[in-house]
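If you scroll down you'll find the structure; I have some questions about it.
Quick note on labels: first sequence line is chain A, next is B, and so on, each numbered from 1.
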Amino acid sequence: MRLSRYFLPTLKETPSEAQIASHRLMLRAGMIHQEAAGIYSWLPLGFKVLQNIEQIVREEQNRAGAIEMLMPTLQPAELWKESGRYEAYGKEMLRITDRHKREMLYGPTNEEMLTAIFRTYCRSYKELPKILYHTQWKFRDEVRPRFGVMRGREFLMKDAYSFDIDEAAARRSYNRMFIAYLNTFSRMGLQSVPMRAETGPIGGDLSHEFIILAETGESAVYCHKDLVDMPSPGLDVDFDGDLQALVDESTALYAATEDVHDEEAFMKVPEEKRLSARGIEVGQVFYFGTKYSEAMKATVTLKGGGEQAVHMGSYGVGVSRIAGAVIEASHDEDGIIWPMAIAPFKVGIINLRQGDTDTDAACDQAHQVLENAGAEPLYDDSENRAGAKFARMDMIGLPWQLIIGPRGLKDGVVELKERATGERQTLSLDAALNLLEKQCVRSE
RNA sequence: CGGGGAGUAGCGCAGCCUGGUAGCGCAUCUGCUUUGGGAGCAGAGGGUCGCAAGUUCGAAUCUUGUCUCCCCGACCA
């Protein structure tokens, strides 16, 4: 993509409303545009990131055996009256009345809707187990939205719902999502730590929040240090096999958020391994049994006759929030540092002397070769001076910068800079293009 | 929802106390010079001062109301 044809409204100055790094950088890098408190337009660069995140989530959901669908943003109030949550949800729920005076709402989540779908079509134990998911915009009318997309009112969320015959089977679904989440975040270059979370009225140990450690995290967290560099299970996991051992491995060590923190248990962690930090929740897995299926009469017939309310769980990933969380976890004074997997472009080509015949030609060639190879280049062909181009490229944080100028070309070389480390190497254009193809093209 | 702060050009801000032709920096446009880490000079365009009432000869400035945004807290993916 040529920058001159793209839409990338970057800002040199920081808008005054942005307090934390990710919010500031998303505005400055031209990723988002605020429409109202907690509501954002996603400009092209931000939208690419959002799509990359969504796609990784999708691939890992599918790999774990979940089935994708799509439910609407607007829901009829009746569903929520059935479950009792229409009253319980309070002012956070955005209620709307249509022209026929029917009560509607902008969905904050979809348990009711999917439970209603399930009960309509699935009547037998033979239909189980099932995990269905979608990625859709939600709305929660937070009293006080903040931190940009990390805590907006409108947000994009992947939510999955599992249906099983009993608690033991529900645990297997839970485990699938648990492992899928570890892989999902790992693929995005994020080290996630599953932490015990509040389970609500159901009790038990079946709820975990997936936390990314970051200084600006919204909640205090406590965990065993070894969890911070525990490898993810890997994409070759057999999701049809028994995942319990893998889950146990990830949950054996102490890890809890503020809400459920147990100081006594934490003290049993060797002192040098105790980590108390702040974290951002990017996902949550939750088993809630028959809470909705009973209220909404989602039952299946049993093998031996009789009926059973299905055991359910729900599994959320904050897709739009992750865009902010990644930046919180990965930036420096100069700007964003995108992990390769979700970077909006993989390499930025910097033309140091726009208008110089040789430099223009070399840049054009690099651009074309990388574009054709699928390395997703962004070519800064603007008339700006070198310094401005460097600064902007650092800010938007593409993993690689290919720097081409007349000075180097005289000696037949270009410069390649890795954003994360700042390391530069000088090499021939061909060698640079070869290296970039290896680094930036996704092999599948 | 309690407490605090702010709305003046696309962005960042001054002006308000003490009413009298609306300013600065960045950005944008034109020209010349410059060209490897956010260039220099010269010029130009762009604002019903959030909105509404009121006071006044006269309101960005004073008064009242209202809307919006931000911060701290409570709440939350």
Sub-6.0 Å ring centroid separation between Phe345(A) and Tyr6(A): yes

Is the shortest side-chain N/O distance from Arg140(A) to OP1 or OP2 of rC76(B) below 4.0 Å?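 No.
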
Ignoring backbone atoms, establish whether Arg385(A) has a side-chain N or O less than 4.0 Å from OP1 or OP2 of rA39(B). yes

Proximity to the side chain of Gln19(A) - top-ranked nucleotide from rC71(B), rC69(B), rC75(B):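 It is rC71(B).
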
Do the ring centers of Tyr315(A) and Tyr181(A) come within less than 6.0 Å of each other?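 For Tyr315(A) and Tyr181(A), the ring centres are not under 6.0 Å apart.
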
For a quick check, tell me whether the side chain of Arg146(A) and the base of rG73(B) share a donor-acceptor pair closer than 3.5 Å.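 There is none.
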
Closest to the side chain of Arg144(A), out of rA74(B), rC13(B), rA39(B), is rA74(B)

Report yes if a side-chain nitrogen or oxygen of Ser16(A) is closer than 4.0 Å to either non-bridging phosphate oxygen (OP1 or OP2) of rC13(B); otherwise report no.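 Yes, because at least one side-chain N or O of Ser16(A) sits under 4.0 Å from OP1 or OP2 of rC13(B).
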
Starting at CG of Leu402(A) and ending at P of rG36(B), how long is that distance when rounded to a whole Å? 18 Å

Candidates Gln75(A), Arg95(A), Lys138(A), Glu154(A) - the one meeting side-chain hydrogen bond (donor to acceptor under 3.5 Å, both in side chains) with Tyr106(A):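 With Tyr106(A) as partner, side-chain hydrogen bond (donor to acceptor under 3.5 Å, both in side chains) holds for just one option, Glu154(A).
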
Considering only heavy side-chain atoms of Phe155(A), the closest of rG38(B), rA74(B), rA77(B) is rA77(B)

Distance in angstrom units between Lys91(A) NZ and rC76(B) P, rounded: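 Computing the Lys91(A):NZ to rC76(B):P distance gives 16 Å.
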
Glu92(A) side chain, from C-beta outward: closest of rC76(B), rC72(B), rC69(B): rC76(B)

Indicate whether OP1 or OP2 belonging to rC70(B) is found under 4.0 Å from a side-chain N or O atom of Gln34(A). yes

